[in-house]
Participant: 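Next up is a structure, given as C-alpha cells.
A note on names: the letters A, B, ... follow the listed sequences, proteins ahead of strands, and every chain is numbered from 1. Any value given below was found using the heavy atoms of this structure, including those in side chains, with hydrogens, waters and symmetry copies removed.
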Amino acid sequence: MIGVIARKEIVELSRDGRLRVSAIVLWLLLLGGGLLGFAHYLDLAAESARAQANERTRWLEQGEKHPHSAAHYGVFAFKPPRPLAIVDSGVEPYVGSALWLEAHKQNETLYRPAEDATALQRFGDLSIATVLRTLAPLLVIMLGFAAFAGEKEAGTLRQLLSLGVEPRDLLLGKAIGIAAVLLVVLLPASGLVIAGIVWLAPAGQALDELARGALMALVYALYLAGVLFLTLAVSALCRSSRRALVVLLAVWAAAVLVLPRAVSDEAKTLYPTEASLVLKNELEQHLGAGHAPLEASARISALLEKYGVAKPEDLPLDLSGVSIQDGEERNHPVFERHYGAFLDILRRQDRLFQLATLVAPATGVQLASMGLAGTDLEHHQDFIDQGEATRRVMQAMLNDGILAHSERNAEGKWRARAGRELWETIPGFAYVPPAWHRAIAPYGLALGLLVVWLVGTFVVALVTAGRLEAA
Amino acid sequence: MHDRTRSAAFAVTKPLAPLTGVGLIGLEWQRLRRDRVFWIAVALVCLALWYGLANGAAFMRFQEQTIARAAAIAAERLADAKAEASARDAAGKEIGTFDDPRAAVGFESRFLRARDCLAPTPLAMVAVGQSDLLPTCIRAGIGPLAFFTASHEWENPLRLLLGRFDSVFAIVTLLPLLALAASFGLLAREKELGTLPLILSCPVPITRWLATAYLLRALVFIGLVLGALILGVGAVGFDVAAPGALLRLSLYAGVVAAYLGFWFALAFFLDSRGGSSASQALGFAGLWLVLVVLAPAALNLVVKSLYPLPSRIAFVDAVRRASDASARGASAVLADYFHDHPELSRGVTRRAEIGSRRLVVNTATEAAARPEQERFRRRNESQQVVIDGLRFLSPAIVFQQAADAISGNDASRHRSFVEAVEAHRAELRRFLTPYFVSDAPFTRFDAVPAFAYRDLSIRMVVKEALLGLLALLVPCALLIAGGIMGLRRPLLER
C-alpha cells in the first residue's frame, strides 16, 4: 500500500508544471553556485600556492644578515582553500587568509574578502549550501503543503480512509513519494559536486574529503527529511491547503530568516566581547619586552655550566639570542591567555547557536556544514594555531642561530651573520587540515539536536496523520 | 468563520444604500477593525521593528564606547610617553631607540596610539550596514607597513556572515511578508466565500471599493509602522538636536513608506489579475523570494563576475615583493634622499639612520603598492556603478542602499573616512619626518596633528534618499495603474 501511495504521489507531483519550473530553477541555482565556486576555488588555490612558493623563495634569498633581522623580516603563511568550500564558503569571506609570522608578535590574519565587497554581499551568496539550507525547504513545502489538506479539500481523504488505508501508510507513502521527487532533483547535483570535490582534493586528502562530502550530504538529508515531516504534519493539521501554505511559509520565514539572526544577536548580548582596540591595548600592556633580562635566564645557567665560566660576559657567544628566546617564551602564555579568552567567548556564542538547532534546525545544519567544508571558525583557528606553531619553531631556530653564528668584530662587539644555509633549515609553512572526525566533533550537540528534531517532526507527523481518521 | 463574519458585516450592516467616499471608508474601517490577521501582522511588525532598532542602537553604543576608549587609550599612552621622556631625561641614561619616546621612531612605534575614528550619525541605529565589517577606528601612524596591520573589529565571523537583525533587515525581509498577510487577495477571498455578488450589488464600483480597501489597509499599516519607528527610535536614544537628525529621520520614514507602499501595490495588482487567494499568496511569496532574496544575490554574482576583485593574497605577495625591493634599495634611496635634503644629512647618527631607513622603506613600499591598492578601488567603483544602474530591479536593494546612506553606515561614507585617514597619515609623516631623519630629541608630544573628519555633505544623503524614493514610487505607481486597468476587465475574464 505504501508503494502504491508513493507512486501516485510521484505521478501527481511530476504533472505539476509549477513544481517542474521550481525544480529547474533550483537545479540552475545549484549548478550556477557550483560552477562559480569551482572557478573561485581554482583561482584561490593557484594564488595561494604561488604566493606561498614566492614567500619561501624570498625567505631563502633574503641574503646574509643577523638572524634576528631575518626573524623581523618573517614569512607570510597563506591559508589554502578547501575543496568543499565550493559547496559552503562559510565564514571564509569574513576572515583573512594571510598571516604574518614575525618576531615577538602573534599577528592577526589580514584582508577579509568581505571588506572589499559591496554592500550587496550582505544579502548573502547563492552557494550550494545556501540554496540547500534556505531554498530547498521551500521546494519541500511546495511539494508537500497540499499532501493531506488538498485531499481534504477534494474530499478524497475521507474515501481513502473509509477504504481502510492506514493513516501511517498514507503518511509514509506520501513522504516516500515526495522524497523520491526531491531526490531526482538533488541527487544528480550532489553526485556531481562530490565527484568534483574528490577530483580536486589535494593528494592524500581525497578520502577525507569524500568522508566530509558524504557526511555533509547526510546532514542535509536529515534536515530536509525533517522539513518534509513537518510539512506533512502541518498539511494534516490544516483544513485547507491555503492555510497549510501560509503556516508553513511563516514557519520557514521564522526558522530560516528570523531566528538565526536573532540567536546571533542574543549570543552577543549573552556573551559580549570587548572592542578589539581595548583587547589589543591590554595585550600590549601585558606583553613583556621582546628582549628579556639575562639575569634570571635558566638558559644562561646551563651555558655557564657547559662552558665552565662564572659570568655571562665570559661566554664566547652573542647572548642576545638567549635574551630574545626568553622574551619569546615569556610572551607565549600571554598570547595564549588573551587570544584564548576571546576565542572562548566566540565558542560560547557558537554553542548557543548549536542549542538553537532544536527550534531553528538551519542553524545547526549551517555549523555542521561549515565544519565539514573546513570553512568554520574552528578550521580558521586551526590555521592560526599551525601558523603560530611554525612561528615559534622558526623563532627558536633563528635565536639558536644567533648563538651559533656569533663572533666578535674588530671593536670587540658581538655580531652574528647567517645566510642561506640557516634559512634553509627553517621549515616552510604547510597547512595540514584536521581529519573529518575532528572537523565534525565540535558540532556534536547540533547534530544530536538535529536528530532529536527530525524524530520529533516524524512523531508529530505520525500523531497528526493518526488523527485524520476522526476528521 | 472569521472571513464570513467580516463579509456579513459589510453586507448586512450597510445594505444597498448609496455610499459616499466617507461612508465606504467607514465601512472598510469597520471590517479592518475586526480583521485579527491584520492586527496580528501589525503587532509582529512593531515587535520586529523595535527589536531591530534595539540591536542597531546596541551596536551604535558599542561604536561610541569604542571611540571613547580609543581616545582614552591615546591620551594614556601620550601621558606615558611624556612621563617616560622626563624619567629618561632625569636619569640621563640611553635606552634602545624603539623604547625611547624621545626618539621619533620610538614614540611613533611604542607610544603613538591615536586612532582615527568615524563617529556614528544620529540615525545610525536604523541600519548597521557595512559598519560592523569596516573598521570604526584606524590606528594613526606612519609605519611600519600599514598594509600588514589589521584595523577591523574582532567579531565572531559567523555573526558577520549572518548579518544583524536591525530595522533594515526587519523592513526589507519581514515587513513585505507581514504586509502580505495583512492584505493579500481581498477580492479573491470575497469570491471564494461567495460574498462578492453581495458587494457587486451595492452601488459602488468595484474599482473604488477595492482601491479603498487596499488604500485604507496600506495607510493604516504604513502609518502604524512609521509610528512604531518614530517611537522606537525615540526610545533607543535618538538625539533630535543633532545636526541633520530630523532630516535623516524624515528621509528614512519616507523611504520606509515608499517601500511598504510598493508591496501593497503589488498585492493590489495581483488581486486585480484574478486567481484564487492561495495562488495569489504563492505568487506574492514567489515575487518576494525573487525580489528580496534571489535578485540581490544574483546581482552580486553578476557584479563579481563582470568585475572580479583582484586577489588579496596576490596583493600581499606584491606588497611583500615591493617591500623587499625597497629594503634592498634603501641605502641607495637614502643616499638620494639626503642628496635632495642636504640640510637633514648633517650629523646623521645610528638612531637617525634607523629612522631614515624606516621612513624611506615605508614610503617606497607604499608608493610601490599604491597602484595595487588603486586596482582594488577602481574595481570596487566599477562594481558600484553596475549596482547603481541595476538596483532598480529589486526594491530591496533600492531600500537597503537608501537606508545605509541615510544611517551613514554605507560604503561611500566609509571610503571618504579612509581618505581622511590617509590624509592624516600624510600629515603625520610630514610632522614626524624631520625627527625621523635627524637625531634631534622629539619633544612636541602635544603638537602631534589631530585627526579631523569632515562628514559627507547632507545633500549627498538627500540625493541618495530621493533617488531611492523615486525608484520605489515609480514601480508602485505602475503597479497601481496596472491594477486599475486589470479591474476594468469583466469579472468573468479574470
Side-chain angles (χ1 to χ4, degrees), chain A residues 32 36 43-44 47-48 50-51 54-55 58 76 78 90-91 93-98 100 108 110-116 118-126 138 241-242 245-246 249 253 257-258 260-262 264-265 267-269 273 275-279 281 342 346 349-350 353 377 380, chain B residues 55 62 65-66 69-70 73 113 115 129-130 133-134 137 148 150 152-165 169 173-174 177 181 277-278 281-282 285 289 296-301 303 305 309 311-317 320 324 376 380 383-384 387 397 400-401 404 410-411:
Chain A
L36 284 167
D43 284 349
L44 211 58
E47 277 160 10
S48 174
R50 192 165 45 238
N54 288 345
E55 194 62 13
R58 275 192 290 271
F76 261 92
F78 297 103
V91 301
Y94 300 94
V95 292
S97 54
W100 191 15
E108 303 163 57
L110 294 169
Y111 294 117
R112 305 180 299 176
E115 284 183 48
D116 291 321
T118 63
L120 272 189
Q121 181 70 37
R122 306 312 287 274
F123 279 99
D125 270 328
L126 275 181
L138 278 179
S241 51
R242 183 177 78 99
L245 179 66
V246 170
L249 286 179
L257 301 176
V258 177
R261 280 192 192 226
S264 157
D265 283 321
K268 175 82 172 183
T269 309
T273 49
S276 61
L277 60 89
V278 175
L279 295 169
N281 189 53
F342 183 74
L346 300 197
Q349 291 178 350
D350 282 1
F353 212 66
L377 174 70
H380 181 63
Chain B
N55 277 330
F62 177 80
Q65 284 163 5
T66 300
R69 297 296 295 270
I73 289 169
R113 289 293 177 271
R115 284 180 172 86
Q130 293 289 81
L133 193 58
L134 302 170
C137 294
F148 300 158
H152 60 250
E153 189 53 62
W154 291 358
E155 178 59 282
N156 189 336
L158 181 60
R159 282 176 43 69
L160 294 174
L161 170 66
L162 291 168
R164 304 208 177 225
F165 194 128
F169 168 73
T173 314
L174 302 179
L177 290 174
S277 58
L282 262 181
L289 191 68
L299 182 57
N300 189 29
L301 276 185
V303 161
S305 307
L309 286 172
S311 150
R312 277 294 179 187
I313 288 180
F315 172 78
V316 171
D317 195 28
R320 188 80 164 145
D324 223 21
F376 277 92
N380 210 275
Q383 289 187 340
Q384 198 54 51
I387 294 169
I397 301 176
Q400 191 216 37
Q401 292 221 341
D404 283 357
D410 57 329

Participant: Among A:Leu279, A:Val246, A:Leu346, who wins on heavy-atom pairs under 4.5 Å with chain B?
Facilitator: A:Leu346
Participant: Can you tell me how far CZ of B:Arg312 sits from CG of A:Leu44, rounded to the nearest 0.5 angstrom?
Facilitator: 13.5 Å
Participant: Flag this pair as yes if the NZ/CZ of A:Arg261 is under 6.0 angstrom from the six-membered ring centre of B:Phe169 and inside a 45 degree cone about the axis; otherwise no.
Facilitator: yes
Participant: Tell me, side chain or backbone of B:Ala285 under 4.5 Å from chain A's heavy atoms, or both, or neither?
Facilitator: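 Contact with chain A involves the side chain of B:Ala285 alone.
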Participant: B:Leu161 versus chain A, heavy atoms under 4.5 Å apart: side chain, backbone, both or neither?
Facilitator: both
Participant: Just wondering, do A:Leu110 and B:Val316 contact through their side chains at under 4.5 Å, heavy atoms?
Facilitator: no
Participant: Could you walk me through whether A:Glu47 and B:Ser311 pass the side chain to side chain donor-acceptor pair (under 3.5 Å) test, one step at a time?
Facilitator: CA-CA 8 Å; A:Glu47 277 160 10; B:Ser311 150; 2.8 Å; yes
Participant: If you apply the rule side chain to side chain contact (heavy atoms under 4.5 Å, CB included), what do you find for B:Ile313 with A:Tyr111, and how did you get there?
Facilitator: CA-CA 8 Å; B:Ile313 288 180; A:Tyr111 294 117; over 6 Å; no
Participant: Where on A:Ala253 is there a heavy atom nearer than 4.5 Å to chain B: the side chain, the backbone, both, or neither?
Facilitator: side chain
Participant: Which region of A:Glu108, side chain (C-beta onward) or backbone (N, CA, C, O), has a non-hydrogen atom less than 4.5 Å from a non-hydrogen atom of chain B, or is it both or neither?
Facilitator: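 Only the side chain of A:Glu108 comes within 4.5 Å of chain B.
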Participant: If I measure from the heavy atoms of chain A, does B:Leu160 come under 4.5 Å with its side chain, its backbone, both, or neither?
Facilitator: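 It is both, since atoms from each part get that close.
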Participant: What's the spacing between B:Ile73 CD1 and A:Leu277 CG if we round to 0.5 Å?
Facilitator: 5.0 Å
Participant: Would you mind checking which part of A:Leu36 comes under 4.5 Å of any heavy atom in chain B, side chain (CB onward), backbone (N, CA, C, O), both or neither?
Facilitator: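 Just its side chain gets close to chain B.
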Participant: Drop me the distance from B:Gln130's CD to A:Gln121's CD, to the nearest 0.5 angstrom.
Facilitator: 9.0 Å
Participant: Under a 4.5 Å heavy-atom cut-off, does chain A meet the side chain of B:Gln400, its backbone, both or neither?
Facilitator: side chain
Participant: CG/B:Asn300 to CZ/A:Arg122 distance, rounded to the nearest 0.5 angstrom?
Facilitator: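 Answer rounded to 0.5 Å: 11.5 Å.
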Participant: Decide if atom CZ of A:Arg58 counts as having more than 12 heavy atoms of other residues, nucleotides or ligands within a radius under 6.0 Å.
Facilitator: yes
Participant: Taking every heavy-atom pair that is under 4.5 Å apart, which of B:Gln65, B:Gln384, B:Gln383, B:Arg164 has the most such pairs with chain A?
Facilitator: B:Arg164
Participant: Which one, B:Ala298, B:Ala297, B:Pro296, B:Ser305, leads in non-hydrogen pairs under 4.5 Å with chain A?
Facilitator: B:Pro296
Participant: Just jot down the ring-ring contact (aromatic ring centres under 6.0 Å, His included) partners of A:Phe123, sequence neighbours excluded, or say none.
Facilitator: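 Here no residue qualifies.
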Participant: Check whether A:Val278 gets within reach of chain B through its side chain, its backbone, both or neither, counting any heavy atom under 4.5 Å.
Facilitator: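 Both parts, backbone and side chain.
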Participant: Given that the side chain runs from C-beta out, which part of B:Leu174 has a heavy atom under 4.5 Å from chain A: side chain, backbone, both or neither?
Facilitator: side chain
Participant: Under 4.5 Å from any heavy atom of chain A, what part of B:Asn156 do you find: side chain, backbone, both or neither?
Facilitator: both
Participant: Tell me, out of B:Pro157, B:Gly129, B:Ala70, who's got the most heavy-atom pairs with chain A below 4.5 Å.
Facilitator: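 Going by pairs under 4.5 Å, I would pick B:Pro157.
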Participant: A:Tyr94 vs B:His152, test: side chain to side chain contact (heavy atoms under 4.5 Å, CB included). Steps then yes/no.
Facilitator: CA-CA 11 Å; A:Tyr94 300 94; B:His152 60 250; over 6 Å; no
Participant: Considering non-hydrogen atoms only, spot the tightest contact between A:Ala275 and B:Phe62 and give its length.
Facilitator: CA-CZ, 3.7 Å
Participant: Given that the side chain runs from C-beta out, which part of A:Asp116 has a heavy atom under 4.5 Å from chain B: side chain, backbone, both or neither?
Facilitator: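 A:Asp116 touches chain B through backbone and side-chain heavy atoms alike.
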Participant: Using heavy-atom distances under 4.5 Å, tell me whether B:Leu158 contacts chain A through its side chain, its backbone, both, or neither.
Facilitator: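 It is both, since atoms from each part get that close.
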Participant: Against chain B, work out which of A:Ala262, A:Ser241, A:Pro113 has the most heavy-atom pairs shorter than 4.5 Å and name it.
Facilitator: A:Ala262
Participant: Answer with side chain, backbone, both or neither: which region of B:Asp404 has an atom nearer than 4.5 Å to a non-hydrogen atom of chain A?
Facilitator: side chain
Participant: Say you draw a straight line from OG1 of B:Thr173 to CG of A:Leu257; how long is it, rounded to the nearest 0.5 Å?
Facilitator: 6.5 Å
Participant: Between the main-chain N or O of B:Asp317 and the side-chain N or O of A:Glu55, is there a donor-acceptor pair closer than 3.5 Å?
Facilitator: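 Side chain of A:Glu55 to backbone of B:Asp317: no pair is present.
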Participant: Which heavy atom in A:Phe342 sits nearest to a heavy atom in B:Glu155, and how many Å separate them?
Facilitator: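 Between these two residues, the closest heavy atoms are CZ-N, 4.0 Å.
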Participant: Specify which of B:Ala314, B:Cys137, B:Gly163 makes the most heavy-atom pairs with chain A at under 4.5 Å.
Facilitator: B:Gly163
Participant: Which value, rounded to the nearest 0.5 Å, describes the distance between B:Leu162 atom CG and A:Asp265 atom CG?
Facilitator: 9.0 Å
Participant: Which one of B:Ile387, B:Leu177, B:Val303 has the most heavy-atom pairs closer than 4.5 Å to chain A?
Facilitator: B:Ile387
Participant: Can you tell which part of B:Leu133 gets under 4.5 Å to a heavy atom of chain A, answering side chain, backbone, both or neither?
Facilitator: both
Participant: I'd like to verify something: which residue of A:Leu377, A:Asp350, A:Asp43, A:Thr273 has the highest number of heavy-atom pairs under 4.5 Å with chain B?
Facilitator: A:Asp350
